[in-house]
Amino acid sequence: LSRDILAIDIGGTNMRGAIVDHQGCLHRLDCQPSGFAKLPVTDLTTSNQIITNRICSFIDSLIGKQTVIRKIGIGFPGFIHGHNGVIIASPNIPSLLNYPLAGTLSRLSGYQVTVHNDGLCAAVGEYHFGIGTRIDSDSLLHSTLGTGIGGGLILGGKPYSGESGMALEFGHIKVEYPGQACGCGSSGCLETRASATAVVRDYKQRCGHIRTAEQIFQLATDSDKTAREVIAQAGWFLGIGIAQTACILDVGHYSIGGGLANAWSLLEPAIHAALAEKLFAAQCSQIHIHKSLCMDEAGILGAALLANEQVHY
Ligand SMILES: [Zn+2]
């Protein structure tokens, strides 16, 4: 990385950003609520303006008096044309539809802005700065469990995003029939069973208490039976998603990030239980599940690498 990339990882609930130096160290790391998942879809023009303005304010606050920024890289959840940064649709931010986010932000900020799928950014970051540096393989599937579930694939050392930029929508693999309604318009998606949102919903359904994902992780650590069960269930469904992906791709290494990965001691055995149930033993023995090393920084690092055109696909 050259010394002047501002990178932002945008989610439906929060956005995190930093200035990334040539060694992959983050400076001025900051996190702000985005609130994008809750914006109304009745007035798209207003919602688009709110999203754009909030990102611009965040960019201004991160840059401050810093004048050496050359480019800005953004990771954004949803179906995105990475080559031009147009958001086609975003299941968790439904108010944004066919919106040229990169072009709009470039015009308003005066900087060259690239926008890629957040899951792809996180995979690039994890491959180059995290788990990817510790495995004897040039392929890695990285998944982020947050408001939704992001996924990204590195295949043969390169990010793979498919013919139209929509490959590895890992969160929308079908794990249940018919299953619960998903923000993408379908139902039974992995995202409806293994995201932080799903854990919060399942906890409330089982015991009637409304708790945040972080509170549920803490409760699980404190041996709360319901909290442990909903997290283990999320892990089991995650294993189903990984098993299906493994059947198609034969990728051996999977890294898991996002808040839910903090409950690793519950998540990991549940993932392996599902893999053992759904795959041939020979397949199973080739699969390695890792907790993300970069965690919340993976998306920022990957967005910076992609903006700097150090990583091509
Ligand atoms: Zn879906």
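Source: prediction; values computed, not measured. Note that ligands are numbered from 1 as they come in the structure, with each ligand's atoms numbered from 1 the same way.
Contact annotation: the side chain of Ile63 never approaches that of Phe58 to less than 4.5 Å [non-hydrogen atoms, C-beta and beyond]. No side-chain heavy atom of Ser161 sits less than 4.5 Å from a side-chain heavy atom of Leu168.
With no hydrogens or angles considered, no side-chain donor-acceptor pair links Asp4 and Tyr111 at under 3.5 Å. Under the 3.5 Å distance criterion, with hydrogens and angles disregarded, a donor-acceptor pair is assigned to the side chains of Thr52 and Tyr99.
Screening residues 163-187 for ring pair (Phe, Tyr, Trp, His ring centres under 6.0 Å), with sequence neighbours left out, gives no hits.
Less than 2.8 Å away from the Zn ion (ligand 1), the protein contributes these N/O/S atoms: His172 ND1, Cys182 SG, Cys184 SG, Cys189 SG.
Classification of the His288-His253 ring pair by plane angle, with boundaries at 30° and 60°, yields parallel.
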